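Fair warning: this is a prediction, and the values are worked out from it, not measured in the lab. Chain naming here is simple, since letters A, B, ... match the order of the sequence lines and numbering starts at 1 in each.
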Amino acid sequence: MTRTSGPLADPWNRPDDDIPFDLPAHTPRPGGIAARARAAAVPGPARSGAPYLDGLNPEQREAVEATEGPVLVLAGAGTGKTRVLTTRIAHILSLGLAWPSQILAVTFTNKAAREMKERIGAMVGEQVEGMPWLGTFHSIGVRMLRRHAELVGLKSGFTILDTDDQIRLLKQLLQAEQIDEKRWPARLLANTIDGWKNRGLTPDMVSAGEGAAFANGRGQKLYADYQARLKALNAVDFGDLLLEGIRLLRENPDVLAEYHKRFRYILVDEYQDTNVAQYLWLRLLAQGSKNVCCVGDDDQSIYGWRGAEVDNILRFETDFPGAKVVRLERNYRSTGHILGAAAHLIAHNEGRLGKTLFSEGESGEKVTVTGAWDSQEEARAIGEEIEALQHRGHSLAQMAILVRASFQMREFEDRFVTMGLNYRVIGGPRFYERAEIRDALAYLRVIASPADDLAFERIVNVPKRGLGDAALRQIHDHARAVGVPLVEAARQLVGSEELKPKVRLTLRDLVASFDRWREQMPNLPQSQLAEIVLDESGYTEMWQKDRSADAAGRLENLKELVRSMEPFENLVGFLEHISLVMDTEGSGAGEAVSIMTLHSAKGLEFDVVFLPGWEEGLFPHQRALDEQGRAGLEEERRLAYVGVTRARRLAKVFFASNRRIHGSWQSSVPSRFLDELPEAHVEVTESRGGHGWGGATSAGRYGYGPSRFDEAQTFGSTYSTPGWQRAQSHAQTHAQAGGASRREGQFGGFSDGGSRYNAGRGGYSGGGRVIEGQLVASSTGGPSRFPIGTRVFHQKFGYGEVVAAEGNKLTVQFDKAGEKRVLDTYVEGV
DNA sequence: GTTAGTCATGTTTTT
DNA sequence: CATGACTAAC
């Protein structure tokens with residue numbers, strides 16, 4: 001895995017950077033002061049000689065030039081939102097209105113921060129390096145907290161727990177409280193607490209009713225206990241980065257005043273994604289200069305489940321009196337048909353500020369809707385379209401498949417591997433979340449901060465060294481009795497007679513090893529230290545001995561981890577970096593189709609976008625509907641809108657009539673969103689091979705007229721015949737009796753009369769109709785790199801032996817995964 | 001304490 | 001179906 005941006009280039013990686021608080025970090029540009037005076041006097045249109053302003057449309061320019069006072073930029077999809085943000089910063093800098101270090105620019109994701117930095121750099125050059133306050137809410141939160149840690153009861157070297165640590169900690173608390181973990185899972189508690197934190201609630205602020213929601217009224221106490229434990233561990237979780245930041249600013253007026261003085265301009269990207277805590281934090285800071293500019297699109301708010309409040313953006317004008325609102329509605333990305341389809345779709349939402357996107361480009365091709373018999377056929381159809389487009393000269397890199405849920409990805413991966421189509425999964429399992437990486441990091445954490453109990457616990461017995469529950473409990477008890485961290489407790493126990501001889505010996509070795517590694521820390525580059533640690537601890541060996549299919553991949557990941565440590569100044573710096581930047585920009589190498597979730601596609605664009613899985617229950621997702629009701633539906637619709645608007649030239653929607661969920665086949669109904677696409681911009685096409693969608697909907701689907709997707713002739717399939725439909729209604733009664741429950745009237749009150757979706761729900765679930773994928777790979781000729789009998793390794797399937805080769809396509813008998821056909825570029829010889 | 005079974009269980013999105 | 005949690009035997 002290659003990282004796209006060298007961490008060295010990123011000032012965020014310097015945990016102890018000490019940019020003077022009161023002085024600009026660099027010398028002023030000549031003319032800066034004069035420009036400043038001029039700007040103060042003449043706030044009107046910028047003078048010529050500002051090349052970065054050229055090419056902005058009037059609205060964009062207005063947003064850029066309205067530097068003073070609160071500004072809300074409502075930027076529809078593809079209207080140049082990022083451009084406005086970055087140009088605005090360049091503008092402020094170029095007028096000398098502020099030093100780079102006086103601008104606070106917050107984004108939501110690391111990727112967005114990186115991108116913004118790059119683009120600003122392209123405009124203003126190295127001045128961007130003087131912008132330490134450009135980053136995500138979280139990274140900026142850490143930066144502030146590190147400075148003033150003691151004011152909120154932390155020590156500056158506090159550790160940041162990720163979800164995994166968080167849950168393990170909560171598990172301990174639940175056990176201590178003797179709460180049944182089956183009934184009240186730690187995960188649920190973690191979510192609950194996160195929810196509170198997202199809303200800016202400290203334990204004492206949680207209302208009695210809400211606090212009672214978990215474990216018969218013990219939620220609030222658990223939350224308080226949890227916070228106490230965090231403090232004791234000198235640790236914070238993600239939510240605390242903001243919550244403690246708010247507390248810091250509220251309780252320390254002098255600190256707040258300092259930041260007010262510092263931040264002359266505040267810019268916020270993706271404002272629609274902010275939660276209450278972020279809003280409060282922002283508002284505190286913005287009270288100083290009042291020059292706050294928020295950019296967002298209420299139609300692209302898709303993180304409500306994570307606490308984002310669309311209300312923040314809807315309420316902006318009341319929150320920041322005198323705010324100027326600029327609408328960007330001129331779309332530069334998509335064709336007319338795509339835009340028209342998206343606009344009509346999103347118009348079904350009620351709670352929105354309302355924007356009308358328009359473009360001056362050509363109308364292009366209509367959005368297509370294609371039905372497939374099942375998800376495999378859907379994958380095959382998309383694969384074929386991709387190949388066809390490729391032959392017509394489209395680049396794979398300009399195509400993307402955007403799915404609702406990550407389980408959908410597998411079907412495509414399987415299919416593409418068989419086809420020999422290059423693909424890239426974006427945002428899949430995170431590098432730093434893999435067990436082996438977390439284990440390795442735990443070792444390093446213990447070395448860097450011996451008080452990191454969670455890390456210690458994680459690896460005391462990994463690899464297995466005979467220090468099991470019993471031994472750990474002893475260490476725990478001792479630690480609690482004496483009031484020291486686990487490692488220290490272990491050290492003391494080793495000196496005593498309390499442990500069993502065998503245990504004592506092993507533990508002594510372990511403690512000694514940690515001491516030794518810690519001594520080496522200052523003398524060795526951290527990557528070398530990591531290698532030594534992994535080696536001497538037996539961790540590497542553990543995986544080398546492991547014969548399971550993914551062991552080799554894990555070792556490879558460990559190597560990659562060591563490699564990725566190199567650019568950092570020291571171990572602490574590296575650990576700091578990874579606790580926040582948990583993303584891995586995929587290996588950008590090579591032409592490949594991107595596969596990703598709709599969520600991770602936000603902010604991206606592609607020539608061609610495939611949108612599979614538009615079925616009721618999947619998209620809109622049943623859970624969103626069940627748990628959030630209409631708000632959930634609207635968020636799902638926004639997600640659909642985000643999906644469609646990612647496309648520049650072609651948007652292709654798919655749905656399957658049958659999908660495998662939890663291993664068994666279930667029939668599905670086309671998504672209501674399909675009916676919400678306007679006919680004028682949409683073309684219904686037939687899936688190749690004639691296995692059209694089976695018409696699981698039909699009579700009875702009337703809400704505002706028959707569904708367009710009832711038209712038999714568009715599919716020319718036998719499944720629309722009266723006979724089939726009768727069979728359908730039979731099957732349906734069956735399905736409902738069989739417990740395929742879908743609550744009646746759950747959309748009651750929804751103006752579209754969603755109940756019609758219940759009517760046509762087909763119940764056909766015979767598993768026999770699986771259409772097996774035919775292997776129609778076209779050989780590229782030439783002798784294979786891997787003769788028959790060669791042992792090979794494949795990232796996904798593990799080790800295996802080549803049993804047949806045909807051009808670049810191999811048939812491999814994998815040790816674990818069985819026989820698969822793969823492209824030779826996906827395997828390596830061993 | 002470890003391991004290899006079985007069993008059940010749960011499945012969205014993620015800074 | 002796949003992963004994880006728990007149980008029973010080494």
Side-chain angles (χ1 to χ4, degrees), chain A residues 106-113 135-142 160-164 166-167 171 181-182 185-188 190-191 194 197-198 237-242 269-270 273-275 277-278 301-308 402-411 414 426-430 432-433 435 460-473 500 502-503 506 550 578-584 596-602 613 617-628 632 635-636 638-640 642-643 659-666 767 816-817:
Chain A
V106 258
T107 65
F108 225 73
T109 65
N110 293 299
K111 199 167 96 197
T136 63
F137 278 99
H138 297 277
S139 51
I140 289 170
V142 185
I160 301 163
L161 303 190
D162 60 23
T163 325
D164 219 66
Q166 201 183 348
I167 289 182
K171 263 195 186 139
E181 271 187 72
K182 284 273 174 54
R187 165 141 249 127
L188 178 65
N191 285 337
D194 274 347
K197 289 189 173 179
N198 285 339
D237 64 19
F238 275 106
D240 285 339
L241 294 179
L242 286 157
D269 191 16
E270 306 279 19
D273 287 337
T274 51
N275 59 35
Q278 286 158 337
S301 165
I302 54 174
Y303 286 105
W305 50 275
R306 199 171 71 184
L402 311 183
V403 298
R404 176 62 183 83
S406 43
F407 75 81
Q408 293 173 261
M409 293 180 178
R410 234 178 70 200
E411 213 111 33
D414 287 351
I426 294 182
R430 271 136 217 291
Y432 291 110
E433 275 168 21
V460 235
N461 204 27
V462 181
K464 299 265 185 294
R465 43 171 79 90
L467 298 171
D469 283 347
L472 189 59
R473 176 134 313 136
K500 283 195 239 160
K502 219 184 215 163
V503 173
T506 348
D550 51 354
I578 56 109
S579 62
L580 281 177
V581 186
M582 295 292 255
D583 67 345
T584 35
M596 67 184 99
T597 64
L598 285 160
H599 281 89
S600 42
K602 194 173 67 159
L618 177 58
F619 193 35
H621 200 283
Q622 192 57 48
R623 218 157 127 167
L625 263 27
D626 288 346
E627 286 168 14
Q628 306 289 329
E635 181 154 313
E636 295 288 300
R638 289 193 290 269
L639 206 44
V642 166
R659 191 171 289 277
R660 204 177 186 150
I661 295 172
H662 314 337
S664 64
W665 287 92
Q666 263 179 272
K816 303 276 170 186

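Residue A/Leu598 contributes atom CG, which lies 14 Å from atom C1' of B/dT14 at whole-angstrom precision. Going from atom CD of A/Glu636 over to atom C1' of B/dT12 covers 8 Å, rounded to whole Å. Whole-Å rounding puts the A/Glu411 CD to B/dT11 P distance at 20 Å. Between the C1' atom of C/dA5 and the CZ atom of A/Arg187 lies a distance of 15 Å, rounded to the nearest Å. Taking atom CG of A/Leu467 as the reference point, atom C1' of B/dT2 lies 13 Å away to the nearest angstrom. What separates CG of A/Asn191 from C1' of B/dT12 is a distance of 12 Å, to the nearest Å. Distance CD (A/Gln622) to P (B/dT11): 16 Å, rounded to an integer number of Å. The interatomic distance linking A/Ile302 (CD1) with B/dT15 (C1') rounds to 13 Å, in whole Å.
For the pair A/Gln278 (side chain) and A/Leu242 (backbone), a donor-acceptor distance under 3.5 Å is absent. At least one donor-acceptor pair under 3.5 Å links the side chain of A/Asn198 to the backbone N or O of A/Arg306.
Look at A/His621 and the base of B/dT12; the rings stack, centres closer than 5.5 Å and planes less than 30° apart.
The side chain of A/Lys464 approaches B/dT3 more closely than any other nucleotide in the set C/dC1, B/dT15, B/dT3. Nearest to the side chain of A/Ser600, among B/dG1, B/dT12, B/dT14, sits B/dT14. Side-chain atoms of A/Arg623 lie closest to B/dT12 of the nucleotides B/dT12, B/dT2, C/dA5. Comparing B/dT12, B/dT15, B/dT3 against the side chain of A/Arg306 picks out B/dT15 as the nearest. Listed nucleotides C/dC1, B/dT12, B/dT14 differ in distance to A/Ala405; the shortest reach to its side chain belongs to B/dT12. Distances were taken from every side-chain heavy atom of A/Ala471 (C-beta onward) to each of B/dT14, B/dG1, C/dC1; the shortest belongs to B/dG1.
Here the closest non-hydrogen pair linking A/Val142 and A/Ile160 is CG2-CD1, 3.9 Å.
Of the candidates A/Arg404, A/Gln628, A/His621, A/Glu636 forms a side-chain hydrogen bond (donor to acceptor under 3.5 Å, both in side chains) with just one, namely A/Arg404.
Between the CG atom in A/Leu161 and the CD atom in A/Gln166 there is a gap of 7.5 Å [rounded to 0.5 Å].
A/Thr597 has a side-chain polar atom (N or O) that falls below the 4.0 Å cut-off from OP1 or OP2 of B/dT14. For B/dT2, the OP1/OP2 oxygens have a side-chain nitrogen or oxygen of A/Asn461 closer than 4.0 Å.
A donor-acceptor contact under 3.5 Å links the side chain of A/His138 to the base of B/dT15.
Sequence order on DNA chain B of the closest nucleotides to A/Gly466 and A/Phe108 puts A/Gly466 first from the 5' end.
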